[in-house]
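The structure appears right after this line, and notes come after that.
Everything quoted here is computed from the prediction, not taken from an experiment. Every chain is numbered from 1 and lettered A, B, ... according to where its sequence line falls, protein lines coming before strand lines.
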2 protein chains.
Amino acid sequence: MSRPPATAIDTPAFSPLYLQIKGLILQGLQSGEWKPGELIPSEMELAARFRVSQGTVRKAIDELAGENLLMRRQGKGTFVSTHAERQVQYRFLRLRPDEGSEQAEGPAQRQIIECRRLRASAEVARALSLRTGDAVMHARRVLSFAKTPAILEDIWLPGQAFKGLTAERMSGYNGPTYAMFEEDFGVRMVRADEKLRAVTPNEEQARLLGISGCTPLLSVERIAYTYNDVPMELRRGLYRTDTHHYRNTLN
Amino acid sequence: MSRPPATAIDTPAFSPLYLQIKGLILQGLQSGEWKPGELIPSEMELAARFRVSQGTVRKAIDELAGENLLMRRQGKGTFVSTHAERQVQYRFLRLRPDEGSEQAEGPAQRQIIECRRLRASAEVARALSLRTGDAVMHARRVLSFAKTPAILEDIWLPGQAFKGLTAERMSGYNGPTYAMFEEDFGVRMVRADEKLRAVTPNEEQARLLGISGCTPLLSVERIAYTYNDVPMELRRGLYRTDTHHYRNTLN
DNA sequence: CAGTGGTCTAGACCACACT
DNA sequence: GTGTGGTCTAGACCACTGC
């Protein structure tokens, strides 16, 4: 493992060894060499493969674990993270029932309103780094907590990667939708950006959520990314916040 | 630095050396031995003081830096974090102007509506771990971006720690309010939890923000904590989200 | 130049899981 | 017991800052 040559002009471009190793491990994750839930080689093995010390591999894995791409388990090994794990299920869902109300974790019910292939609008195309008119999958659904509708969601996905997505699969899969994306399409969502706004629902939206039109809703626009900051999902959610709230922690 | 004795019953209670060191450094921060913005001793010095290797101190500092309690600067040293730093100013403010509109960072204007000492309601007391009726400071203010009112905020602070807070100081201080809290009261906010909801403003709220009563607003209830998870501020904000949005990143 | 944090190594030992 | 990740050490050298 050699350092990159220092260029004469300007660029510092100094990349420590452990970051190069981190990149190599990332490649293995992107390429599918190690799939979500699988065990990756031990630190010693990776150190031997890359011809560096265990400590250097360790630092690379530390960073990847910090970004939730890998999961370390003492005595067992290091695993590729997955949305299917019990412990981190619904990691991206910040809506929580208000205190006092006893409610189960995670959406108890998913009702798929529609799921079809269509052409990307300019807006959707921009969010997904596609061109206007490219094929995209679109789904609309209602998520309920304890039988009460709480979220109305529109989801857009790149048509190429998500060819074959059906309403049946979306409603039938038992577990987080992002876990289904891993299983069926080999797409792992790694990070997401959200923009929140308070909005007034239109008639159709109010009807689907079973509320009056004057209840304000929390609009959550999310772009989810796979490895390498490639956007793979646009999601527009309307959250009921009269019985629930959106929880956030600032560090 | 000795490990805690293993108790016969149950408790694993194994605490690695670097966590003990981290606790000792934290004590120095809480006690005010090193104040916000100041330089703490070098890794080698701390290693000598605590009779451990540099690597152990390094790991302790790594964690504290990861929690934004310390800031490392290569070649210079390790500093106690502060809300006064240019780079991390308004770290807890997630409201951003929508794209397209050119607006400056941070509130351009602060208008203090009121600032007085009063007795804690049951609700406020619970949030701040006080007893109902204890003295608290309360302030109400409007924050404007580019001369447009965007945030109406109510702030409650423990009366004991914030004795002497005045409207003049709140409006006159040039910089983040949390930086002023550090300077004047020695209270550093380290972490915060927020609960978000979409709400309809009442008449007074709409008037103060200069909007019509049917514009839904984003309600942000924040509890901010100092070292050791001690709650030191309750803040209720109403954010305009027709020209701005609340930005969040999910990992 | 000296002093700081940042990287890298090699080796020892500990805690944990499985067999 | 064996193999995994987790901790701790000691020493070397690199990159950055400021004198």
Opposite nucleotide pairing with D:dT2, Watson-Crick or G-U, both atom distances under 3.5 Å: C:dA17
Short side-chain N/O contact to C:dG3 OP1/OP2 from B:S42, under 4.0 Å: no
Residue whose nearest DNA chain D nucleotide is more 5′ - B:Q54 or B:K59: B:K59
Distance, rounded to the nearest Å, where A:Q20 contributes CD and C:dG6 contributes C1': 15 Å
NZ/NE/NH1/NH2 to OD/OE distance under 4.0 Å, A:R235 and A:E221: no
Euclidean distance, atom CD of residue A:E43 to atom P of C:dA15 [Å, nearest integer]: 18 Å
Charged N-O contact under 4.0 Å between B:R49 and B:E33: yes
A:S53 side chain, from C-beta outward: closest of D:dC8, C:dA10, C:dG5: C:dA10
B:I25 CD1 to C:dG5 C1', straight-line distance once rounded to whole Å: 14 Å
Spacing of B:M71 atom CE relative to C:dG6 atom P, expressed in whole Å: 11 Å
Any A:T56 side-chain N or O less than 4.0 Å from OP1/OP2 of C:dT9: yes
Proximity to the side chain of A:R72 - top-ranked nucleotide from D:dG6, D:dT9, C:dT9: D:dG6
Selection from C:dC8, D:dG5, D:dT17 that lies nearest to any side-chain heavy atom of A:R58: D:dG5
Nucleotide D:dG6, atom C1' - distance to CG of B:L19 in whole Å: 11 Å
Earlier contact from the 5' end, DNA chain C, for A:G75 and B:K76: B:K76
Of A:Q74 and B:R73, the one whose closest DNA chain C nucleotide lies more 5': B:R73
Atom pair distance, as rounded to whole Å: CZ in B:F14 and C1' in D:dC8: 10 Å
Atom-to-atom span, CD of B:E45 to P of C:dA2 - whole angstrom: 18 Å
Residues, nucleotides or ligands: over 12 heavy atoms within 6.0 Å of B:Q30 CD: yes
NZ/NE/NH1/NH2 to OD/OE distance under 4.0 Å, B:K195 and A:D98: no
Any side-chain heavy-atom pair of A:T249 and A:R94 under 4.5 Å: no
N or O in side chain of A:T78 less than 4.0 angstrom from D:dT4 OP1/OP2: no
Nucleotide of D:dT9, C:dG6, C:dC18 approaching B:L17 most closely (side-chain heavy atoms): D:dT9
Atom-pair distance (CD1 on B:I40; P on C:dG3), nearest Å: 19 Å
